[in-house]
Protein chains: 2
Amino acid sequence: MKAIEKFLEEKHVRPTAMRMLIFKFLAQKQVAVTLADIEIAFEKSERTTIYRTIKTFENSGIVHVIEDGSGVSKYALCEAGCNCELDSDLHLHFHCEICKETQCLTETKIPHINLPPGFTATDASLVVKGTCDKCNKE
Amino acid sequence: MKAIEKFLEEKHVRPTAMRMLIFKFLAQKQVAVTLADIEIAFEKSERTTIYRTIKTFENSGIVHVIEDGSGVSKYALCEAGCNCELDSDLHLHFHCEICKETQCLTETKIPHINLPPGFTATDASLVVKGTCDKCNKE
DNA sequence: ATAGTCCTGCAACGGAAGTGCATTTTTTCC
DNA sequence: GGAAAAAATGCACTTCCGTTGCAGGACTAT
C-alpha cells in the first residue's frame with residue numbers, strides 16, 4: 001500500500017483511500033475492467049467517484065482506455081512497457097469472444113504501419129478478437 | 001438507383017425505398033458515418049428504421065462497424081477489397097482528431113500479427129489516430 | 001383477393017456517460 | 001492547533017445511444 005501511495009504521488013495524483021483501493025484492484029486484475037466491474041467490486045462507494053477516479057487516472061497516464069468493440073470502455077493499468085504518451089506507441093489488446101475478457105499483450109510487437117501520403121499518426125489502437133489461451137485449453 | 005437495387009438483391013436484402021436511399025447516402029460519403037449522421041440527413045424518417053436498416057446491412061455484409069474510440073459506432077460500406085467475413089482480414093481505419101472523421105484506408109496493407117502461444121484470432125481491428133491529409137494541408 | 005411475411009413508425013425502456021451542486025475530507029498557511 | 005482554501009466525494013439529475021415491443025402498412029406469393 002505504501003508503494004501504491006508513492007506511485008500515485010509520482011504521477012501527481014493525491015493518494016486518497018478510494019484511489020489506492022481502485023488502483024490495487026486494477027493491479028490485481030490481469031484483464032481490462034469496465035466501470036461496472038469496479039462498481040461491483042466496491043458496492044459501498046459511489047459510481048461517480050469511481051468514474052472520476054478513473055478519469056483522473058486516465059489523464060495522469062496511470063490507466064489507458066480500451067475500446068474492444070463490446071460497446072463499453074475498459075481500463076487497464078499502463079505497464080512499464082506501455083508508452084501511452086508516446087506518439088508512436090501501438091497498444092495491442094486481445095478480446096476473447098468466449099470469456100469476453102480483454103487483456104493487454106504488451107509483449108507482442110506491432111510492426112510499423114505505412115500510412116498514405118498526407119496522413120500523420122499520433123496514436124493507434126489494435127484490438128484482435130478470437131479465443132484466448134485459457135479458453136483454448138477447454 | 002437500378003444498380004443499387006440489383007446490389008441489394010444480390011445480398012438478399014429487399015430493396016425498399018428507405019434502404020436504397022440509405023445505401024446511396026453511404027456510397028456518397030467518403031467517411032464512416034454514425035446513426036445520428038444518417039438521421040440528420042433523413043429527418044423525415046424514423047430513428048428506428050435507420051437503426052434497423054443499418055443492422056440489416058451489417059448482418060448482410062453490406063456495411064461494417066467501426067469503433068474509432070469516439071464512443072459511438074460508425075458504419076462504412078464494405079468495399080470490394082473488404083473481406084469482412086474472412087477471418088484473417090484486418091480493417092485499417094483512420095480517425096482524424098481534427099475533423100473527427102473516420103475513413104477506411106483499404107489500400108494500406110496491414111502486416112501479419114504474431115500472437116502468443118495459445119491465442120487464436122478470428123478478427124482484428126486497427127484504428128490509427130492522427131491528422132488526415134485534408135487537415136494536414138491547412 | 002387473401003393470407004402471410006416483411007418493413008416501417010411510434011413509444012418506451014435500459015445502460016452507460018457525464019454534469020451541477022452541496023457536503024465532507026484533506027491540505028495549506030498563519 | 002485552527003481557520004481558510006482546495007480538492008475529493010456523494011447524491012440527484014440529465015443526456016445520449018442502442019435496443020425492443022407492438023400496431024399498422026406495404027409487399028409477396030399462391
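Just so we're on the same page: letters track the sequence lines, and every chain starts at 1. In this text, all values refer to a predicted model and were calculated from it rather than measured experimentally.
- Heavy atoms only, all atoms of each residue included: A:Asn136 and B:Gly118 are closest at ND2-O, 2.6 Å.
- Two end axes, each from the C1' atoms of five base pairs, can be drawn for the helix from C:dA1-D:dT30 to C:dC30-D:dG1; they diverge by 30°, to 10 degrees.
- The salt bridge (charged side-chain N to carboxylate O under 4.0 Å, His left out) search around A:Lys74 returns A:Asp68, not counting sequence neighbours.
- Contact check of residues 43-56 of chain A against DNA chain C (heavy atom, cut-off under 4.0 Å) returns A:Arg47, A:Thr48, A:Tyr51, A:Arg52, A:Lys55.
- Ring pair A:Phe7/A:Phe23 is tilted by interplanar angle, where 30° to 60° counts as tilted.
- Sorted by first and then second residue, the pairs that involve residues 18-36 of chain A and meet side-chain hydrogen bond (donor to acceptor under 3.5 Å, both in side chains), not counting sequence neighbours, are A:Thr34-A:Asp37.
- B:His95 pairs by the ring-ring contact (aromatic ring centres under 6.0 Å, His included) definition with nothing, not counting sequence neighbours.
- Listed by chain and number, the residues in a side-chain contact (heavy atoms from CB on, under 4.5 Å) with B:Asp133 are A:Phe119 (sequence neighbours excluded).
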In the 5'-to-3' direction, what one-character label does each nucleotide of nucleotides 24-30 of chain D receive under the scheme B = base within less than 4.0 Å of a protein heavy atom, S = sugar-phosphate only, - = no such atom? ----S--
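- Residue pairs meeting the side-chain hydrogen bond (donor to acceptor under 3.5 Å, both in side chains) criterion with at least one partner in residues 38-47 of chain B, sequence neighbours excluded, do not occur; the list is empty.
- Nearer the 5' end of DNA chain D, as judged by each residue's closest nucleotide, is the contact made by A:Val13, out of B:Ser73 and A:Val13.
- Reading DNA chain C from its 5' end, the first and the last nucleotide to sit under 4.0 Å from a heavy atom of chain A are C:dA16 to C:dT27.
- Under the salt bridge (charged side-chain N to carboxylate O under 4.0 Å, His left out) criterion, A:Lys137 pairs with no residue, sequence neighbours left out.
- Put simply, CD1 on A:Ile22 and OG1 on A:Thr53 are 4.0 Å apart, with the number rounded to the nearest 0.5 Å.
- Nearest heavy-atom pair across A:Cys104 and A:His64 is SG-NE2, 3.7 Å.
- A:Glu97 and B:Thr122 share a donor-acceptor pair across their side chains, judged by distance under 3.5 Å alone.
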Please lay out, stage by stage, how A:Lys6 and A:Glu9 fare under the test salt bridge (Lys or Arg N to Asp or Glu O under 4.0 Å). CA-CA 5 Å; A:Lys6 210 159 202 170; A:Glu9 280 172 353; over 6 Å; no
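- The nearest pair of heavy atoms linking A:Glu107 to B:Pro116 is OE2-CG, 3.7 Å.
- Across residues 17-41 of chain A, A:Met18, A:Arg19 each have a non-hydrogen atom less than 4.0 Å from an atom of DNA chain D (numbered order).
- Take B:Leu21 and apply the side-chain contact (heavy atoms from CB on, under 4.5 Å) test, not counting sequence neighbours, and it matches B:Met1, B:Phe42.
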Worked check of salt bridge (Lys or Arg N to Asp or Glu O under 4.0 Å) between B:Glu58 and B:Lys55: CA-CA 5 Å; B:Glu58 191 185 338; B:Lys55 276 291 173 201; 3.6 Å; yes
